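This structure is a prediction, so every number in the text was calculated from the model and none was measured. Computation of the quantities below employed the complete heavy-atom set of this structure, encompassing side-chain atoms and omitting hydrogens, waters and symmetry-equivalent molecules. Throughout, protein chains are lettered first and strands after them, A, B, ... in sequence-line order, and every chain is numbered starting at 1.
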There are 2 protein chains.
Amino acid sequence: MSIAAVERDTGLSKDTLRVWERRYGFPTPSRDANGERLYPQEQVDKLRLIRRLLDLGQRPSRIIGSTTLELSAILEAHRGKDLNPEQEAREQVLLQYVRLHRSAELVTGLHQALMKQGLQRFVAETIAPLNEAVGEAWMRGEIDVPEEHLYTEQVQNILRSAIGANAVASGHPRILLTTFPDEHHILGLLMAEATLVPEGASCLSLGTRTPLADIRGAAVSGKFDIVGLSFSIAYPARQAVDGLTELRAALPTNIELWAGGAAVAGKQRRLPGIRVIGDLNDTVTALKEWRAAHAAH
Amino acid sequence: MSIAAVERDTGLSKDTLRVWERRYGFPTPSRDANGERLYPQEQVDKLRLIRRLLDLGQRPSRIIGSTTLELSAILEAHRGKDLNPEQEAREQVLLQYVRLHRSAELVTGLHQALMKQGLQRFVAETIAPLNEAVGEAWMRGEIDVPEEHLYTEQVQNILRSAIGANAVASGHPRILLTTFPDEHHILGLLMAEATLVPEGASCLSLGTRTPLADIRGAAVSGKFDIVGLSFSIAYPARQAVDGLTELRAALPTNIELWAGGAAVAGKQRRLPGIRVIGDLNDTVTALKEWRAAHAAH
DNA sequence: CATGGTGATTGTCCTAGACAAATGAAGTAG
DNA sequence: CTACTTCATTTGTCTAGGACAATCACCATG
């Protein structure tokens, strides 16, 4: 696995990978005929774990010497904070369907949950925790790339159908949803849209990876009230803050800027003029705030 | 503007920006107190133009010396190349709905077409030509990134809903659909799925960007009969041929390999053992061939 | 407790050289 | 005239350490 592939896979920049090797003696990639780094799979797995722990506030020098098992244990310790046993049991049931040969059951299970809970609760209480469970299982190597892709695809199918069925043509406010250019993950965006649409907002999603200048252009020419950005846990927090600050400066002041997702959680202090969305319920709160502020007219 | 900001904004990597400065003498950023590059706004604008032209097939050394005005002129020249008046007129009718402020009409129009034509004809007769028209309009600079994204999203919504409504749990053959790692375009995949599902095939899509080794693993462990790959016009033909050859060698012989899309069109001769799908109708043909060959049992 | 200083940690940027993959031009065979 | 090879050029990405500012952990002082 080349250094560029590892960067894509782990979210650690090439510079960081090289400087870790120099400073901490890990990772220790072999070299190809051309002298370029080749990372073995198990080191990439460990890097993914480390990355996850960095996001949780650990520091590299502390954990980089630990084995994969020890890292998983630390991750576990971070986990068992607030686990509702009943809910976790239901997650485990769905999680075991995230297998290639059980895809039909996954689809059925998701559909049933959607019918039972309704769109908003389905997103907040089933999809969001399931997302996390899948992410963690992937970090621990319990599920692999095709299964994670399969999961993403099926959830996308369900959410897009449901959004289409609930869409209102001319609701207010008008919200433009998208992500920054190097953010591929779309589920956060779809979850936001699925939460907003039943509230009567008029959402337009541009999908992932829209250049900053184009976001601005679209927001202005489409006369949107709000621009919503989604950041997955894999997105570099620094880049998110910089990009958001730049976009905020570029947008007219009458267009609000909302940002949600793991990479911006707790960054409200550094993002003046931007509404940081804490979780899915907070999305609804933010919407109510907007409506209250604009009801006076 | 720092080098990281320019990378975000133009999509040109830091390495590329530095090597251009060294080789061509452009851009010429000033330095801050810390010796780090600071790009003036007008050079960033020019870099964006250059980036645009690179996507259109120009080469850096040819255009990097030109002024911003000259670059705009070249971009103009790329527009009205070989326009068949009749065809262009038809495209324009379809294309006028792909505007940010007309997204509601686009959705309505697509829905009506789907209801009128049925899923398979909708894909073959509406989506496929519209795809091409959008692609060409984008090449000519008549629509921009947000509009192309909007189009992709809306078509995705419709196709995914329709596929979900038509899916058969236990049909035959079992088909695994995905793309190679550097292929982001998903519409080809969805179009294939939408064509196959009404025929009673059991399709499972992994979405885009699945590593080759994982495609093989998924095909084997999921006991699929056929693996289908989609290649957009932007995918390098050479890479498609090499990747397919490698995958063919890695797959068991009893799993068929199908490849469709602009990048593999007409490459059947170089792809022994692989079924190259010419167009959407050919997808159905290939399916019938498979069934005929496996009916004997 | 809170606040501020200090030293260690850490990510990003720097320079300049190297090379393979992609491209275009010229030549050759069907 | 087309299709395939060959060869030179172009071009993006990788390499190596060095450097520094921002952040963090810690401790002392108000």
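The nucleotide whose nearest atom lies closest to any side-chain atom of A:A4 is, among D:dC14, C:dG11, D:dG17, D:dC14. Among D:dA25, C:dG11, D:dG12, the nucleotide with an atom closest to any side-chain atom of A:R62 is D:dA25. Residue B:T16 has its side chain nearest to D:dT13 when only D:dG18, D:dC14, D:dT13 are considered. When the nucleotides C:dT15, C:dC13, C:dG24 are ranked by their closest atom to the side chain of B:R59, C:dG24 comes out on top. With D:dA16, D:dC14, C:dG11 as the candidates, the nucleotide lying closest to the side chain of A:R37 is D:dA16. Each of D:dT13, D:dT11, C:dC14 was ranked by its minimum atom distance to the side chain of B:Y24; first place goes to D:dT11. The listed nucleotides are C:dC14, C:dA16, D:dC14; the one nearest the side chain of B:R18 is C:dC14.
Under the 30°/60° scheme for interplanar angles, the aromatic rings of B:F231 and B:F180 are found to stand perpendicular.
Side-chain contact of A:E183 with A:S232: a donor-acceptor pair under 3.5 Å is present, judged by distance alone.
Protein atom CD1 of A:I3 is 15 Å distant from nucleotide atom C1' of D:dG12, rounded to whole Å. Atom-to-atom, CH2 of A:W20 to C1' of C:dG11 comes out at 10 Å; the value is rounded to the nearest Å. When rounded to the nearest whole Å, the span between CD of A:E36 and P of C:dG17 equals 18 Å. B:D15 places its CG atom 16 Å from the P atom of C:dA18, with the value rounded to the nearest Å. When rounded to the nearest whole Å, the span between CG of A:L54 and P of D:dT23 equals 16 Å. For the pair A:R22 CZ and D:dG18 P, the interatomic distance rounds to 7 Å; values are reported in whole Å. Remark: P of D:dC14 and CG of A:L38 are 12 Å apart, rounded to the nearest angstrom.
If A:S2 and A:V19 are placed on DNA chain D by their nearest nucleotide, the residue sitting closer to the 5' end is A:S2.
Within the 4.0 angstrom heavy-atom criterion, base atoms lie near B:R23. A:N34 comes within contact range of the sugar-phosphate backbone alone, with a heavy-atom separation under 4.0 Å but no base atom that close. Residue-level contact check: B:S13 touches the backbone only, with heavy atoms under 4.0 Å from sugar-phosphate atoms and none from bases.
At C:dT12, none of the side-chain N or O atoms of B:K14 fall inside 4.0 Å of OP1 or OP2 (strictly under the cut-off).
One finds a salt bridge joining A:R275 and A:D282 here, because a Lys/Arg side-chain nitrogen approaches an Asp/Glu carboxylate oxygen to under 4.0 Å. The residues B:D214 and B:R209 are annotated as not salt-bridged, no charged nitrogen and carboxylate oxygen being separated by less than 4.0 angstrom.
At least one side-chain heavy atom of B:E153 sits less than 4.5 Å from a side-chain heavy atom of A:I186.
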